[in-house]
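So that the names make sense, note that chain A is the first sequence line, chain B the second, and so on, each numbered from 1.
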Amino acid sequence: MPTITLPDSSTRSFEGTTTPYEIAQGISEGLAACAIGARINGELTDVHTTISEDAELKIVTARKGEKESDPDALLLIRHSCAHVMAEAIQRIRPEAKLVYGPALDSGFYYDIAFQEDNPLSSDEFEAIEQEMKTIIKEDRPFTRYELSLEEGMKKLDSEGSKYKIDNAQRAKENGSTSLTWYATGTPNEHWEDLCRGPHVPSTGNIGAFKLQTIASSYWHGDADSDRLTRVYGIAFVHKKQLKNHLKLLEEAKKRDHRIIGKKLGLFHIDEMVGQGLLLWTPNGAVIRQELQNFIAEQLRRQQYSQVFTPHIGKLDLYRTSGHYPYYQESQYPPLIDPDQLHTLAQEGCSCGDLANMMKDGDIEGYLLKPMNCPHHIRIFAQGQHSYRDLPIRLAEFGTVYRWEQSGEISGMTRVRGFTQDDAHLFCTEEQVEREIIGCLELVNIIFDTLGMHDFTVRVGLRDADSDKYVGDPANWDKAEAACRTAAGTLGIPWIEEQGEAAFYGPKIDFIVNDVIGRPWQLGTIQVDYNLPERFDLSYVGKDGNQHRPVMIHRAPFGSMERFIGVLIEHFAGAFPTWLAPDQVRVLAISEKSNDYADKVHLTLLDKDIRATIDKSDERIQAKIRNAAEMKIPWILVVGPRDAQGNNVSVRMRGIMDDLGAVCLDTFAEALSQEITTRGKSSALNACFPDIKIPEDA
RNA sequence: GCCACCGUAGCUCAGUGGUAGAGCGCAUCCUUGGUAAGGAUGAGGUCACGGGUUCAAAUCCCGUCGGCGGCUCCA
């Protein structure tokens, strides 16, 4: 006699067994009508799943008309929609072999194997969607049935799909004692799929859907295995939600840093220069310079020492550090003395021989640096260090080059040459925790100043089962403990992840999502016991003996390229005044006011404000629009009226109306304040105390 | 690196085997206008690059480079 506890803590008891559907019916017919699934003791299930023991139950409902649906409802609908899509595709393409079709937070996909000479094209989406609509309209029930492992395997063997047989094998390895199928309708009569479920009660529960894109994937994610076609789609409870979602995607697209970057002239990637090699155009360079100034200021406060190091170094440096040859495949090929190459060629040296000689150190060459640490280490290694000198903090905006896979390169977020806001701290073991906390403080100041609050903190630990990690396990334990303690001081939630450590030590990463939901690792703090060892670094301790320092690698932005790419999306191109390439645009009403406009312009420039002037013979309406399109935070309209009172008429980005006139000097001073305080002081408040910034500005 | 799609004017894009198109931007002229696009005229393209098929290729085929969406990677 199971007792069911509902989310409101009320309980109900039943004779024999029951189902979520029956319980919903018992509460109200309305609830039963929109129940599409359940969570029984936290596990997502069908609405008709049998309950025979005491359980906590939540009914998952899909009500038409609600703005947002229960995430569980969307999971159910999307997974079921993946089935409907698979059925539709197999009707149109009977040769298609199904592999795996899960629901995602952002939709669903189905991996399908097509014949190599006849791939699926997105031109067929319309036909597939039509077929899906028919299936949904037929409102056929999702019917679950179960076979024993033996019977199930027999059935799959007779059907002969190696992918489904493989899925079943995996279920078996994971401890399943039976296999389940879901038929859309009646088993043996209608289409069915090996599937663990759960599903909505019937195809009619899928209110709205759309096929989105076609991509490729590998079977088991293995590049050497079969290539599959992945069809992505999205589904919702009702049409309005779908429409909203598509609109949101449109909006997100407009925030894409690649589009905004082009429009605002922030950066350019040139075919002729090379894939993944970013050219910072003047407007983008301003943003980068401002950020670098900002961070350099913070570093001075934290007593860092600025250094500069070259872009290349001898191969031997990287043999010692271990970067070469272990990460050879992600480096640009080494540079070798042309005379030496010539001689080797004459001696009949093959490319393979050459690679081996470079690896073994038989010939020397230079490498474009993949990391800054070896150079910084060699700076530390100059001369002796007392424990009294530690910690030594060496900082550099260091540009590094990595041979990223061509298919991975994208916009500013994944490039082959990038500048890290890098620093290496050399300290004693006792100082590690305090230094990590210092790094975290820095990250906090940066994220806070920029208003970036939506990030994840991940403490990356070693995976006990893996042998890829170097160094003494006792050191690892200490370093991991230091990372945990330091992360605990952050005051925000953080997660631990096994196997996410660098090979030389644990780390703390900061992860931010871009507009299309892709996560990007930005800042990172890494504890390293390995490189000091490899380079035989030492300091003289209190006891007069040589000791090994610990190194901390840290880059709060990660790379200027990736960080600014994400920042462009964060601000949708509307940078706060202190970062905006053009801070003020002065617009003369007509030629008659050009002289006064010049005066306004010069007054601003004198205050170190980045101001431009528009003296074109457009009408004021057009000038305003042009300045607004470039997301310039402040527009000053000046005409004879303003000239007379030594005023400027002010417009602020995000506010549709003219704010009114204010004295030129008052405005220039207030804006200068806002800029030097990086937004802590507000020019709007200073000049127009009665005006409030709208929420969505 | 792999798979699919794509590459036409500075930008966004139309053009599917028969003389290269639009809007925006740009230039010149008119307009001197008080708060989100004033008007006219004009310039601008070896249709990414290389090869092939064809009487004829932006268009069809192959290769290269680049972009995009995934997969796989990311010290």
Between [N] and [M], how many Å separate the two [atom1] atoms, rounded to a whole number?
{"N": "B/G18", "M": "B/A57", "atom1": "P", "answer": "11 Å"}
{"N": "B/A43", "M": "B/G51", "atom1": "C1'", "answer": "34 Å"}
{"N": "B/U53", "M": "B/A40", "atom1": "C1'", "answer": "48 Å"}
{"N": "B/G34", "M": "B/G25", "atom1": "C1'", "answer": "26 Å"}
{"N": "B/U16", "M": "B/A20", "atom1": "P", "answer": "14 Å"}
{"N": "B/A36", "M": "B/G42", "atom1": "P", "answer": "31 Å"}
{"N": "B/A14", "M": "B/C3", "atom1": "P", "answer": "26 Å"}
{"N": "B/C68", "M": "B/C2", "atom1": "C1'", "answer": "15 Å"}

Selection from [options] that lies nearest to any side-chain heavy atom of [X]:
{"X": "A/Arg641", "options": "B/A37, B/G34, B/G1", "answer": "B/G34"}
{"X": "A/Tyr232", "options": "B/G34, B/G70, B/C68", "answer": "B/G70"}
{"X": "A/Ile589", "options": "B/G33, B/G69, B/A75", "answer": "B/G33"}
{"X": "A/Ile624", "options": "B/U35, B/C71, B/U32", "answer": "B/U35"}
{"X": "A/Arg230", "options": "B/C2, B/G38, B/G70", "answer": "B/G70"}
{"X": "A/Gln275", "options": "B/G66, B/G33, B/A37", "answer": "B/G66"}

Say whether [X] and [Y], considering side chains only, have a donor N or O and an acceptor N or O under 3.5 Å apart.
{"X": "A/His220", "Y": "A/Asp166", "value": "yes"}
{"X": "A/Gln521", "Y": "A/Asp509", "value": "yes"}
{"X": "A/Asp316", "Y": "A/Tyr324", "value": "no"}

To the nearest Å, how far apart are [X] [atom1] and [N] [atom2]?
{"X": "A/Lys253", "N": "B/U12", "atom1": "NZ", "atom2": "P", "value": "12 Å"}
{"X": "A/Met652", "N": "B/A36", "atom1": "CE", "atom2": "C1'", "value": "16 Å"}
{"X": "A/Trp634", "N": "B/A36", "atom1": "CH2", "atom2": "C1'", "value": "18 Å"}
{"X": "A/Glu618", "N": "B/G25", "atom1": "CD", "atom2": "C1'", "value": "11 Å"}
{"X": "A/Asp422", "N": "B/A75", "atom1": "CG", "atom2": "P", "value": "15 Å"}
{"X": "A/Glu629", "N": "B/U12", "atom1": "CD", "atom2": "P", "value": "15 Å"}
{"X": "A/Asp617", "N": "B/U31", "atom1": "CG", "atom2": "P", "value": "10 Å"}
{"X": "A/Tyr596", "N": "B/G34", "atom1": "OH", "atom2": "C1'", "value": "14 Å"}

Is A/Lys254 salt-bridged to A/Glu251, cutoff N-O under 4.0 Å? yes
- Item | A/Asp256 and A/Lys253 ion-paired at < 4.0 Å | no
Using a cut-off of 4.0 Å on non-hydrogen atoms, how would the nucleic acid contact of [X] be classed: base, sugar-phosphate, or nothing?
{"X": "A/Arg651", "result": "base"}
{"X": "A/Ala622", "result": "sugar-phosphate"}
{"X": "A/Tyr504", "result": "sugar-phosphate"}
{"X": "A/Ser330", "result": "base"}
{"X": "A/Gly639", "result": "base"}
{"X": "A/Gln405", "result": "base"}
{"X": "A/Asn626", "result": "nothing"}
{"X": "A/Lys262", "result": "sugar-phosphate"}
{"X": "A/Tyr109", "result": "nothing"}

Distance-only donor-acceptor test, [X] side-chain atoms vs [N] base atoms, 3.5 Å:
{"X": "A/Arg625", "N": "B/A37", "answer": "yes"}
{"X": "A/Ser649", "N": "B/G34", "answer": "yes"}
{"X": "A/Asp642", "N": "B/G34", "answer": "yes"}
{"X": "A/Tyr218", "N": "B/C2", "answer": "yes"}
{"X": "A/Arg414", "N": "B/C74", "answer": "yes"}
{"X": "A/Ser321", "N": "B/A75", "answer": "no"}
{"X": "A/Ser216", "N": "B/G70", "answer": "yes"}

- Query: Is the charged tip of A/Arg416 near the ring of A/Trp403: under 6.0 Å from the six-membered ring centre and within 45° of its axis?
  - Reply: yes
Item to complete: Determine, stepwise, if the pair A/Lys631 / A/Asp582 fulfils salt bridge (charged side-chain N to carboxylate O under 4.0 Å, His left out).
Response: CA-CA 9 Å; A/Lys631 313 233 182 214; A/Asp582 253 352; over 6 Å; no
Between [X] and [Y] (judged by ring centroids, cut-off 6.0 Å), do the two rings come close enough to count as a pair?
{"X": "A/Phe563", "Y": "A/Phe557", "answer": "yes"}
{"X": "A/Tyr100", "Y": "A/Trp219", "answer": "no"}
{"X": "A/His311", "Y": "A/Tyr401", "answer": "yes"}

Please determine if a side-chain N or O atom of [X] lies less than 4.0 Å away from the OP1 or OP2 oxygen of [N].
{"X": "A/Gln621", "N": "B/A36", "result": "no"}
{"X": "A/Arg619", "N": "B/U31", "result": "no"}
{"X": "A/Gln526", "N": "B/A75", "result": "no"}

Base paired to [N] (Watson-Crick or G-U; both N/O distances under 3.5 angstrom):
{"N": "B/U19", "answer": "none"}
{"N": "B/C5", "answer": "B/G67"}
{"N": "B/A43", "answer": "none"}
{"N": "B/A14", "answer": "none"}
{"N": "B/A37", "answer": "none"}
{"N": "B/A58", "answer": "none"}

Residue pair A/Ala215/A/Tyr401 against RNA chain B: nearer the 5' end by closest nucleotide is A/Ala215
On RNA chain B, more 5' by nearest nucleotide between A/Ser593 and A/Gly407 is A/Gly407
